[in-house]
Amino acid sequence: MPAMNNILSKWVPVAERSRSLALVYSGMYLGSVTGLAFSPFLIHQFGWPSVFYSFGSLGTVWFALWLNKAYSSPIEDPELLPQEKKLIVTNCISKQPVKTIPWKLILSKPPVWALIVSHFCHNWGTFILLTWMPTYYHQVLKFNLTDSGLICVLPWLTMAFSANLGGWIADTLVSKGLSVTTVRKIMQSIGFLGPAFFLTQLSHVNSPAMAVLCMACSQGTDAFSQSGLYSNHQDIAPRYSGVLLGLSNTAGVLAGVFGTAATGYILQHGSWDNVFEVSVGLYLVGTVVWNLFSTGEKILD
């Protein structure tokens, strides 16, 4: 993910940043859709090892294509037309190669810590969906394994759609003169408060269909984060965007580690309502931190 962020900062003009990032990252959601849709069938027909062989084989196919087609910058790509190279290079922020990383300077900036904290709060809810929702659908909504796999794809499909919608909206707002800072705060606030609202509604829902709808709406609004915190690394430090995403994504992965373990502990001693309450609380913390300390202006050269 840090490499993706760094490559996009070289390949995509600033005016198209949000929607390009959303388009690339929506591949993760579509991958989750594919995995959740096909895994139950593969397990049922060929046994659980078939899931790992199938997806691992797809990874090798991607790797071959990547080695053949991917280039770090437009200048290195021999297949680009001269006018294409000129357009991209002219409209991207020019950067010299990073030789040393000013860790002390980076970690002294409040917007950097806003990214780190917000990424943790955001990923707590996202990883719970990824790891625990099939269990939720089975235990609470009484879906069987195959039904659970098919139903689980709906939130991820919603995320793929809304991420691209949010990217288009964010770039449109910037092109109309709204400051990047304001746009990032609006989009990330939707990415926090939307999931928080829909998760609070789950305890009042009686039908499986409405519960799945709430989950889909929760994750759909969550995907607006692609135009909020996920685009912000390139805003505040374009030369170090990969480094910043590495920092914030470390916090995000730790949220997955602690969130998955904490959810298991909570379910042993409480209920699903308690699980969602923790997620909502972290979404609210993230909203406050983001709106107080984030910025869309460049803070590191």
Side-chain angles (χ1 to χ4, degrees), residues 1 4-5 8 18-63 65-66 122-169 187 190-191 194-195 198-199 202 208-228 230 249 252-253 255-256 259-260 263 276 279:
M1 289 175 66
M4 288 162 52
N5 206 298
L8 286 173
S18 295
R19 60 181 180 270
S20 67
L21 194 74
L23 179 63
V24 170
Y25 275 50
S26 63
M28 294 191 295
Y29 308 142
L30 294 175
S32 297
V33 168
T34 305
L36 288 167
F38 283 96
S39 292
F41 171 78
L42 289 172
I43 293 171
H44 181 71
Q45 294 292 326
F46 307 107
W48 64 263
S50 64
V51 174
F52 296 91
Y53 287 121
S54 300
F55 299 156
S57 299
L58 288 174
T60 62
V61 173
W62 169 86
F63 181 61
L65 291 171
W66 180 258
H122 170 264
N123 273 32
W124 185 283
T126 301
F127 271 97
I128 286 177
L129 175 82
L130 179 64
T131 55
W132 282 99
M133 280 306 96
T135 304
Y136 173 78
Y137 288 135
H138 177 68
Q139 289 184 351
V140 178
L141 305 184
K142 307 304 180 185
F143 291 133
N144 62 36
L145 177 65
T146 304
D147 290 337
S148 178
L150 293 173
I151 293 298
C152 281
V153 308
L154 294 179
W156 296 104
L157 279 175
T158 307
M159 290 181 83
F161 171 78
S162 61
N164 288 282
L165 175 64
W168 179 82
I169 292 172
M187 303 308 286
I190 295 173
F198 287 109
L199 287 180
L202 277 175
M210 288 303 297
V212 172
L213 180 62
C214 277
M215 292 303 306
C217 290
S218 171
Q219 292 310 113
T221 50
D222 176 285
F224 275 68
S225 299
Q226 303 298 338
S227 304
Y230 282 97
N249 197 48
V253 172
T260 301
T263 298
F276 297 136
S279 295

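Only a predicted model underlies this, so the values are computations on that prediction, with no experimental measurement involved.
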Visitor: For Trp48, what residues pass the side-chain contact (heavy atoms from CB on, under 4.5 Å) criterion, not counting sequence neighbours?
Guide: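 Only Ile43, Phe52 meet the side-chain contact (heavy atoms from CB on, under 4.5 Å) criterion with Trp48.
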Visitor: Could you tell me which residues satisfy side-chain contact (heavy atoms from CB on, under 4.5 Å) with Thr158, sequence neighbours excluded, listed by chain and number?
Guide: Ala216
Visitor: Looking at every heavy atom in both Val24 and Met4, which two are closest together, and how far apart are they?
Guide: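 Where Val24 meets Met4 most closely, the heavy atoms are CG1-CE, 3.5 Å.
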Visitor: Do you know the tightest heavy-atom contact between Ala163 and Tyr29?
Guide: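 The answer is CB-CE1, 4.0 Å.
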Visitor: Out of curiosity, Thr126 OG1 to Asp222 CG, how far, rounded to the nearest 0.5 Å?
Guide: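 These two atoms lie 4.0 Å from each other.
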Visitor: Nearest 0.5 Å, what's the CG-OG distance between Leu21 and Ser227?
Guide: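 One finds 7.5 Å between CG of Leu21 and OG of Ser227.
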Visitor: Can you tell me if Ser18 uses its side chain to pair, donor with acceptor, with the backbone of Gly167 under 3.5 Å?
Guide: no
Visitor: So, using side-chain contact (heavy atoms from CB on, under 4.5 Å) as the criterion, who are the partners of Ala211 when residues are at least two apart?
Guide: Tyr136, Leu141, Leu202, Val205
Visitor: Residues in ring pair (Phe, Tyr, Trp, His ring centres under 6.0 Å) with Tyr230, at least two apart?
Guide: Tyr25, His119, His122
Visitor: Shortest non-hydrogen contact from Trp124 to Ser279?
Guide: CD1-OG, 3.6 Å
Visitor: Please give me the minimum heavy-atom distance between Met159 and Gln219, naming the atom from each residue.
Guide: CG-O, 3.0 Å
Visitor: What pairs of donor and acceptor atoms, side-chain ones from residues 54-61 against any protein atom, are under 3.5 angstrom apart with sequence neighbours left out?
Guide:
{"unit_1": "Ser54", "atom_1": "OG", "unit_2": "Ser50", "atom_2": "O", "d": "2.7"}
{"unit_1": "Ser57", "atom_1": "OG", "unit_2": "Tyr53", "atom_2": "O", "d": "2.7"}
{"unit_1": "Thr60", "atom_1": "OG1", "unit_2": "Ser57", "atom_2": "O", "d": "2.6"}

Visitor: Return the OG to CG distance between Ser26 and Leu165, rounded to the nearest 0.5 Å.
Guide: 12.0 Å
Visitor: List the atom of Asn164, the atom of Arg19, and the distance in Å for their closest heavy-atom pair.
Guide: OD1-O, 4.4 Å
Visitor: Residues two or more places apart in sequence or in another chain: which of them pass side-chain contact (heavy atoms from CB on, under 4.5 Å) with Thr263?
Guide: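 Partners of Thr263 by the side-chain contact (heavy atoms from CB on, under 4.5 Å) criterion, ordered by chain and then number, come out as Ile128, Trp132, Leu267, Val275.
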Visitor: So, for Ser39 and Gly35, which heavy atoms are closest and what is the spacing to 0.1 Å?
Guide: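 That closest heavy-atom pairing would be OG-O, 2.6 Å.
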